[in-house]
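All remarks here apply to the structure that follows.
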Amino acid sequence: MKYNPRELEGKWQKFWEDKGSFQCPDESPRPKYYCLEMFPYPSGKIHMGHVRNYSIADVVAHFKRMQGYNVLHPIGWDAFGLPAENAAIQNNTHPAKWTYANIEHMRSQLKRLGFSYDWRREVATCDPEYYRWEQLFFIKFFEKGLLFRKKAAQNWCPRCNTVLANEQVEEGLCWRCESPVEQKELTQWFLRITDYAQELLDDLEKLEGGWPERVLTMQRNWMGKSIGAEIRFNIEQSDKFLPVFTTRQDTVFGATFMSIAAAHPLLEEIIAGTGQESAVRTFVNQLQKTDTREQIGEAQEKEGVFTGRYCTNPFNGERMPIWVANFVLSGYGTGAVMGVPAHDQRDFEFAKKYSLPIRVAIQPGNIPPLDPKSMIEAVPEAGVMVNSGTFSGLNNEEGKARLAAYLEEKGLGKRSVNWRLRDWNVSRQRYWGTPIPIVYCDKCGVVPEKEENLPIRLPLDVVVHQDGRSPLPDTPKFYECTCPRCGGRARRETDTFDTFVESSWYFLRYTDSANRSAAFDKDKVTRWLPVDQYIGGVEHAILHLLYSRFFVKALRDCAFLPAVEALDEPFANLLTQGMVLMGGKKMSKSKGNTVDPSEMIDRYGADTVRLFCLFAAPPERDFDWTESGIEGAYRFVNRLWRLTVELAGKIPVLNACEASPADATLPRARELRRKEHAAVKKTGEDIADRFQFNTAIASVMELVNLIYLVKDELLADEGGKRVLGSSIFTTLTLLFPFTPHICEELREILGAPLPLTERPWPTYNEDALSAETLTIVLQVNGKLRGKIEVAADAGEEAVKNAALADPNIQKHLQGLTVKKVLYVRDKLVNVVAD
RNA sequence: GGCCGGGUGGCGAAAUGGUAUACGCAUCGCACUCAAAAUGCGACGUUCUCACGGACAUGAGAGUUCGAAUCUCUCCCCGGCUACCA
């Protein structure tokens, strides 16, 4: 009987599908477990990264099912997005056609891999039955003030005629046509994620332990909370002032100039009438041209130009020249920075370059007194405040608090918290996305659609422009509409949503994906959430995971979700899997170092492909795809096949771990039984506690190796046969989550009627793990000097005496005095001597 | 510059204070074969020794400990993410 993966895998895939083996009921007496992987973008083909991601998740799903959980394991398609439009342009087709064809193909690929999904729950985000609920959320968000319109600078590709998301700008160039990206002011829709900044930050604590530490750190850094103060600097000959955010208000007495961003709103007013107008404008224009490209690599040379105007330091009344500087970001803080050259490196470089004064305001205790004339770099360290009026002599940390209080008392400013996190721009000038359900009426202004008009369908009978422009603004049939409020003629918003919006709630829809009257049933969501295990690439560590966290909080506050603790955070545990590399580099079409999963399945079968992905490395780490590696996995699968087929009919049909101590009379049988139970323990712990699938598989390999070694001897003994039968069945059961098809087939060949899908994870026997003799390691002064076999029940004294009597130990103790004999139970004896 | 991950045989990797190198790959030997492939069995860190046995090995160096790949400190190298954040 030859191993024929193609035939047998198809057979079992059909069997599971017909039986509905992986359909998961909403109601069950069993405890729930929600196992989720990041759903794929239907780009055309499944790649190895997907295979790895989903193989990991499938092991978890199977394992939890075998442990008695009611496991929700769904899949779907993140189906809107720009690549569909690009492909449509290139291949002269329609994004919808392209997308649905890809989904079709990729679905069949996933089915060939035999993943245990509940396919009834499949969702595609480009389906109006999906995005209509998103439109409903947005109407509620709008009413709640969580969604608002604002003019903002955007990444704009002049050649493609569209806004680009930050992640579509590569080194300052458009990812598609490589034109330099410009900044363009556009009126856009924003979600007020900043309202949730503090909660998003605080709730990261709830994820401690369940999420990788580095992802938590990345999110914290991304949100970038800074605590400090806002100080007002009055502008000379003006009733205006420049607010400045700083975390170092303790250095304010060292401020000698003011620098503002080129895009600062008060710039024109500041330069008016100074005679510096043209110099400043020339500088600003230059900056806008070089701007985007210079953001890479080493920090740019500090440059600036004097505006001709001054402001006043409210603490010491000194005049500070106002400069426009290239290192001041308009999007962070207030777009103005007080220049403290003595204590900030950027300000120091700037001051040196333009000969601006340097004044020391903090003197660290452990270095000689600072002298501006001899300083070669800024000194940001803590210390005692100097030259600081009544604050002089204070420790700077205390000074920070005193100054902040003083600011508020005198009305010169306030305590302030600043975030790096921006509100989320969800508008895209693209076609292939969810229409924004907003209408512009000359009479009523900005009006949200009526709920009963949803979904606002994306028209499919349009042609995407060759230059990538959305056809929606040229489609009267779409944008011409009646005002939901007054019934007059109105115009529909033609922008669509960022596709990250769809992926921010798909995991909620899975719990009730067939619901035609609501996005999801509250009870169902409450029952299934949070996701118990989420698995995906670390590239989504910030955006997708942050947006999803925000989304459940926003939905809660709009009463779409109940306000229960279980729903505070959508993903209780997160596993970020590493990449599949080839030749040490990320697989990519342009490098030509890709491996097509379908080809590998044709050649080796799905079980082998899955096994290799799981065996090659622990899941968090990157691994290299190698031909010899997958050959090795294939060899093991074949070895298992031959072994089981050879033993079928010669051994009794037993359940996993069924052989008893009475069966294991031969020493070899006892050894095998011990290995069998040890493998159950190790495999279960490796899967459940550590996601160490590589070592879990290794322990099953050890079991198989031992069965090979002892089978001939055990076949001659009735008890031995039972131990073999038990061990083989344990092997198949343990491997089932990894290589389900071959395990089911071999189970059937052995003659066991109940499918593995209906069998529990085996339970090992603590007694079966212990041997009657133990190997004790002998050391002298911590160095290995021998080993002895002792009875498992030997007492401490007996073991120590045996150790001291060992000839090699005696030899090494010659001329030494024994000081101490250490005994580590069942492990070693260390004789300390000198 | 900042943050994170990593450095162990020829290679992927095990071992998280107690036998370093499990498991797999590659290589070599033996068996089977007319032969090869496949398969099975065995060897496999370096080095000294005929052997028994010893010395040295987890990026480098120090420390803690009876005992360190593992804990602490100093440093080097590789990879990733992020970056003028006031």
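Below, chains carry the letters A, B, ... as their sequence lines are ordered, and counting in each starts from 1. Heavy atoms only: backbone and side chains are in, while hydrogens, waters and symmetry mates are out.
Considering only side-chain N and O atoms, T334(A) lies nowhere under 4.0 angstrom from the phosphate OP1 or OP2 of A86(B). Contact annotation: R635(A) does not reach the phosphate of A38(B) (side-chain N/O to OP1 or OP2, under 4.0 Å). Considering only side-chain N and O atoms, N808(A) lies under 4.0 angstrom from the phosphate OP1 or OP2 of G54(B). Taking only side-chain nitrogens and oxygens, K302(A) never comes nearer than 4.0 Å to OP1 or OP2 of A86(B). Using a 4.0 Å cut-off, no side-chain N or O of R639(A) falls inside it from OP1 or OP2 of C23(B). Phosphate contact (OP1/OP2 of G24(B), side-chain N/O of N705(A), threshold under 4.0 Å): present.
Across all strands, P212(A) comes closer than 4.0 Å to no nucleic acid atom at all (heavy-atom distances). R825(A) comes within 4.0 angstrom of no nucleic acid atom, judged by non-hydrogen atoms across all strands. At the heavy-atom level, V831(A) lies nowhere under 4.0 Å from the strands shown. Using a 4.0 Å heavy-atom cutoff across all strands shown, G629(A) reaches no nucleic acid atom at all. Using a 4.0 Å heavy-atom cutoff across all strands shown, N830(A) reaches at least one base atom of the nucleic acid. Backbone-only engagement by N694(A) is indicated by non-hydrogen atom pairs under 4.0 Å involving sugar-phosphate atoms exclusively. Counting any heavy atom pair closer than 4.0 Å across all strands shown, K827(A) reaches sugar-phosphate atoms only and no base atom. Within the nucleic acid shown, M338(A) has no heavy atom closer than 4.0 Å to any nucleic acid atom. At the heavy-atom level, Y332(A) lies under 4.0 Å from base atoms of the strands shown. Nucleic acid contact class of H343(A) (heavy atoms, under 4.0 Å, all strands): none.
The listed nucleotides are C4(B), A14(B), C23(B); the one nearest the side chain of R214(A) is C4(B).
With hydrogens and angles ignored, a donor-acceptor pair closer than 3.5 Å exists between the side chain of Q779(A) and the base of G18(B). Not a single donor-acceptor pair, N or O on each side, falls under 3.5 Å between the base of C66(B) and the side chain of K819(A).
A cation-pi arrangement is absent between R420(A) and Y332(A) under the rule of less than 6.0 angstrom and at most 45 degrees off the ring axis.
Side chain of T695(A) to main chain of Q692(A): a donor-acceptor pair is present (N/O by atom type, distance under 3.5 Å, no hydrogens or angles). When atom types are taken as modelled, the side chain of N781(A) and the backbone of A833(A) share a donor-acceptor pair closer than 3.5 angstrom. Side-chain N or O atoms of R359(A) include none that pairs as donor or acceptor with a backbone N or O of T256(A) at under 3.5 Å. A donor-acceptor distance shorter than 3.5 angstrom exists from the side chain of H343(A) to the backbone of I362(A), with no hydrogens or angles considered.
Base orientation for G45(B): anti, the chi torsion being more than 90° from 0.
Rounded to whole Å, the distance from CZ on R785(A) to C1' on G53(B) is 10 Å. In this structure, the CZ atom of F623(A) is 18 Å from the P atom of G24(B), given to the nearest Å. Protein atom CE of M579(A) is 11 Å distant from nucleotide atom C1' of C81(B), rounded to whole Å.
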